[in-house]
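Keep in mind that this is a model prediction, so the values were computed, not measured. The figures that follow rest on heavy atoms only: side chains count, while hydrogens, waters and symmetry mates do not. Here is how names work: the chains are called A, B, and so on, in the same order as the sequence lines, proteins then strands, and each is numbered from 1.
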Amino acid sequence: MDIEKREYAYYPGCSLEGMAKEFDIATKEVFTRLGIKLSELADWSCCGATAAHYKDRLLAYALPARNLNLVGKSGKSEVAISCAACFSRLKTTTMQLEHDSKLKAEVELVLEEKYEGGVKPLHILEILMQSVGTARLQALVTKPLKSLRVVSYYGCLLVRPPEVATFDDLENPTSMDKIMECMGAVAVDWPMKTECCGASLTLSKSDWVLNLVEKLLREAKDAKAQVIAVACPLCQANLDMRQIDLQNQKRIDFKMPVLYFTQLMALAMGAQKEKLSFHRHLVEVQSTLGAYLNQ
Amino acid sequence: MQAHPHTEQDELKVMGAKCYQCGKCSAGCPLASQMELSTSQMMRQLQLGNYDAIYRSNSLWVCVACETCQSRCPQEIKIVEIWDTLRNRLFADKKLQRKYATKGAVRHILLAHKIFLSNIYTFGRIFEPMLAAIYNLRSGDLFKDASKGPSLLVKGKLPLLPHRINGIKEFQRIFKNVEKYRAQKG
């Protein structure tokens with residue numbers, strides 16, 4: 001199918017309505033520029049995230065299954081997902097229900113409807129790399145991010161477990177780096193691409209998260225990165241927000257902007273200021289990226 | 001641990017039996033320094049059927065399911081699946097919770113997961129401001145992250161009103177049906 005006429009069902013996930021609104025805005029901007037329609041799934045619900053699979057395996061498959069059925073009812077077979085965790089939960093569910101007929105029957109029992117199947121969850125990074133391709137992305141760049149040093153941070157669920165996150169390398173993923181290069185930036189290699197940020201412990205044990213985040217930021221600084229590119233709302237929140245705690249508690253000021261990779265893409269494609277939402281970040285972004293906005 | 005059928009416990013022991021203690025899981029674990037038993041020590045306790053040691057350790061709850069251990073295990077043991085089953089058991093059993101999850105980090109982490117679930121049960125989606133506020137109230141850590149509240153509000157990061165999904169009744173029925181199904185199975 002001609003990619004430019006393509007349309008996906010779109011599952012933003014809860015964070016993209018709140019803390020990660022800028023991820024939603026920038027992603028839609030990039031896809032609009034590509035001529036790809038993202039149709040938000042009507043009345044989508046939470047995927048259950050970590051808490052659901054900790055509480056009850058059946059709940060953890062039933063909650064994504066409700067959304068997968070909604071995709072089917074909307075007449076589409078592919079659903080684009082921005083959040084790494086939502087992507088992981090939805091994709092895990094399709095794979096598990098495909099071969100575990102006992103679980104499928106249990107899910108149908110609690111859903112009170114048939115699980116139709118046949119829906120393919122895709123992370124937006126996967127769509128951009130595999131269906132759109134770098135040549136088409138490069139063609140849309142009007143304000144190249146020349147000499148901007150970017151480290152790409154993939155975190156956990158874009159690469160793990162490898163049977164679910166199949167679109168990149170488990171230990172050394174490169175898809176986001178390649179996109180950053182297409183945008184004219186310098187994709188800087190660093191050793192923390194797939195290290196965990198502490199994820200959901202941010203609510204209950206933020207001091208542990210602070211230790212992990214400090215290590216990540218230190219490595220980014222040592223690699224002389226100017227910004228960190230991310231594709232997960234929880235990674236972004238931890239890396240951005242916890243820099244304020246590092247300032248207050250440890251007197252360490254990394255001043256490291258943490259941006260969603262689609263924000264950087266939108267910037268390079270010449271998007272207006274309001275589509276970039278730099279003002280929504282806790283670590284100041286303007287002094288690093290303002291020059292690219294005004295060039 | 002008479003509360004659980006032996007067959008299921010044996011199934012877990014079989015899943016863990018392939019572990020030959022290479023330690024790769026513990027070496028790569030980002031939270032190893034906070035765990036009272038490392039991942040490989042947990043696997044050994046599982047092989048011994050020592051569920052008391054497993055639940056006495058904070059490790060099941062310190063784990064964030066980053067999947068690093070499982071992805072690297074040379075024996076392809078489904079470590080996260082095993083741990084999920086162990087976590088599911090504690091979630092389903094008030095007695096186990098009273099015995100093992102009333103103190104320290106474990107109490108706080110479990111509380112956070114429970115509040116997350118009751119938040120989505122209420123709205124169908126997460127409403128972030130309420131998630132943090134209720135956690136602070138119930139954990140007793142009233143001002144945790146409160147200093148960031150005002151700047152998050154000014155920056156428009158926090159939505160002021162929750163969005164409740166239209167299909168909230170059918171959504172809540174999924175939770176209730178799971179409970180009912182578990183109760184029937186005993």
J.: Using a cut-off of under 4.5 Å for heavy-atom pairs, which of A:K205, A:E22, A:R242, A:E113 has the most such pairs with chain B?
T.: A:R242
J.: Please classify the contact of B:I165 with chain A as side chain, backbone, both or neither, using a heavy-atom distance under 4.5 Å.
T.: both
J.: Surrounding OH of B:Y20 (heavy atoms of other residues, nucleotides or ligands, distance under 6.0 Å), is the total greater than 12?
T.: yes
J.: Relative to chain B, which segment of A:I244 carries a heavy atom at a distance below 4.5 Å: side chain, backbone, both, or neither?
T.: side chain
J.: What part of B:I126 is in contact with chain A, defined as an atom under 4.5 angstrom from a non-hydrogen atom: side chain, backbone, both or neither?
T.: both
J.: As an exercise: rank A:E17, A:K21, A:H53 by heavy-atom pairs under 4.5 Å with chain B and give me the winner.
T.: A:H53
J.: Is it the side chain or the backbone of A:L157 that comes within 4.5 Å of chain B heavy atoms, both, or neither?
T.: side chain
J.: Would the distance check show the side chain of A:Q263 and the main-chain N or O of A:F278 forming a donor-acceptor pair, the cut-off being under 3.5 Å?
T.: no
J.: Is there a donor-acceptor contact under 3.5 Å from the side chain of B:E81 to the main chain of B:D84?
T.: no
J.: Closest heavy-atom contact between B:L90 and B:A101?
T.: CD2-CB, 4.1 Å
J.: Of the backbone (N, CA, C, O) and the side chain (C-beta and beyond), which part of A:K55 lies under 4.5 Å from a heavy atom of chain B, both, or neither?
T.: both
J.: Any idea which of A:L170, A:L109, A:L59 has the most non-hydrogen atom pairs under 4.5 angstrom with chain B?
T.: A:L59
J.: With a 4.5 angstrom heavy-atom cut-off, could you sort out which part of A:R280 is near chain B: side chain, backbone, both or neither?
T.: both
J.: Side chain from CB out, backbone as N, CA, C, O: work out which of these in A:E163 comes under 4.5 Å of a heavy atom of chain B, or both, or neither.
T.: side chain
J.: Picking from B:E179, B:E170, B:K176, which has the most non-hydrogen pairs under 4.5 angstrom with chain A?
T.: B:E170
J.: Please rank B:H113, B:K157, B:K180 by heavy-atom pairs under 4.5 Å with chain A and give me the top one.
T.: B:K157
J.: Counting only heavy atoms closer than 4.5 Å, note whether B:D141 contacts chain A via side chain, backbone, both or neither.
T.: neither
J.: Please look at B:A92 and chain A and tell me whether the side chain, the backbone, both or neither of the residue comes under 4.5 angstrom of a heavy atom of that chain.
T.: neither
J.: How about NZ on A:K215, more than 12 heavy atoms from neighbouring residues, nucleotides or ligands closer than 6.0 Å, or not?
T.: no
J.: Please classify the contact between B:I120 and chain A as side chain, backbone, both or neither, with a heavy-atom cut-off of under 4.5 Å.
T.: side chain
J.: Checking B:Q97 side chain against B:F91 main chain: does a donor-acceptor pair fall under 3.5 Å?
T.: yes
J.: If you draw the axis of the six-membered ring of B:F171, does the NZ or CZ of B:R164 fall within 45° of it and under 6.0 Å from the ring centre?
T.: no
J.: Measuring heavy-atom distances to chain A, does B:F175 have an atom under 4.5 Å in its side chain, in its backbone, in both, or in neither?
T.: both
J.: Is the number of heavy atoms from other residues, nucleotides or ligands within 6.0 Å of CD (B:E76) greater than 12?
T.: no
J.: Can you establish whether the number of heavy atoms outside A:E98 located under 6.0 Å from its atom CD is more than 12?
T.: no
J.: Looking at chain B, which one of A:E106, A:E195, A:R57 has the largest number of heavy-atom pairs inside 4.5 Å, strictly under?
T.: A:E106
J.: Does A:E274 CD have over 12 foreign heavy atoms under 6.0 Å away?
T.: yes
J.: For B:K103, does the NZ atom have more than 12 heavy-atom neighbours from other residues, nucleotides or ligands under 6.0 Å away?
T.: no
J.: Using a 3.5 Å distance criterion without hydrogens, assess whether the side chain of B:N58 forms a donor-acceptor pair with backbone atoms of B:Q34.
T.: yes
J.: Name the region of A:T92, side chain, backbone, both or neither, that has any atom closer than 4.5 Å to a heavy atom of chain B.
T.: neither
J.: Test side chain to side chain donor-acceptor pair (under 3.5 Å) on A:Q247 and A:D253 and set out the steps.
T.: CA-CA 5 Å; A:Q247 280 172 27; A:D253 191 0; 3.1 Å; yes
J.: Top residue by heavy-atom pair count (under 4.5 Å) with chain B, among A:L58, A:V107, A:N211?
T.: A:L58
J.: Would you mind checking which part of B:S71 comes under 4.5 Å of any heavy atom in chain A, side chain (CB onward), backbone (N, CA, C, O), both or neither?
T.: both
J.: Tell me, yes or no, whether the heavy-atom count around A:K275 atom NZ, taken from other residues, nucleotides or ligands under 6.0 Å, exceeds 12.
T.: no
J.: What part of B:W61 gets closer than 4.5 Å to chain A, counting heavy atoms only: side chain, backbone, both or neither?
T.: both
J.: Can you tell me which portion of A:S15 sits under 4.5 Å from chain B's heavy atoms? Options are side chain, backbone, both or neither.
T.: both
J.: Just give me the residue among B:E128, B:H108, B:H163 that pairs up with chain A most often, heavy atom to heavy atom, under 4.5 Å.
T.: B:E128
J.: As an exercise: rank B:A112, B:P30, B:C66 by heavy-atom pairs under 4.5 Å with chain A and give me the winner.
T.: B:C66
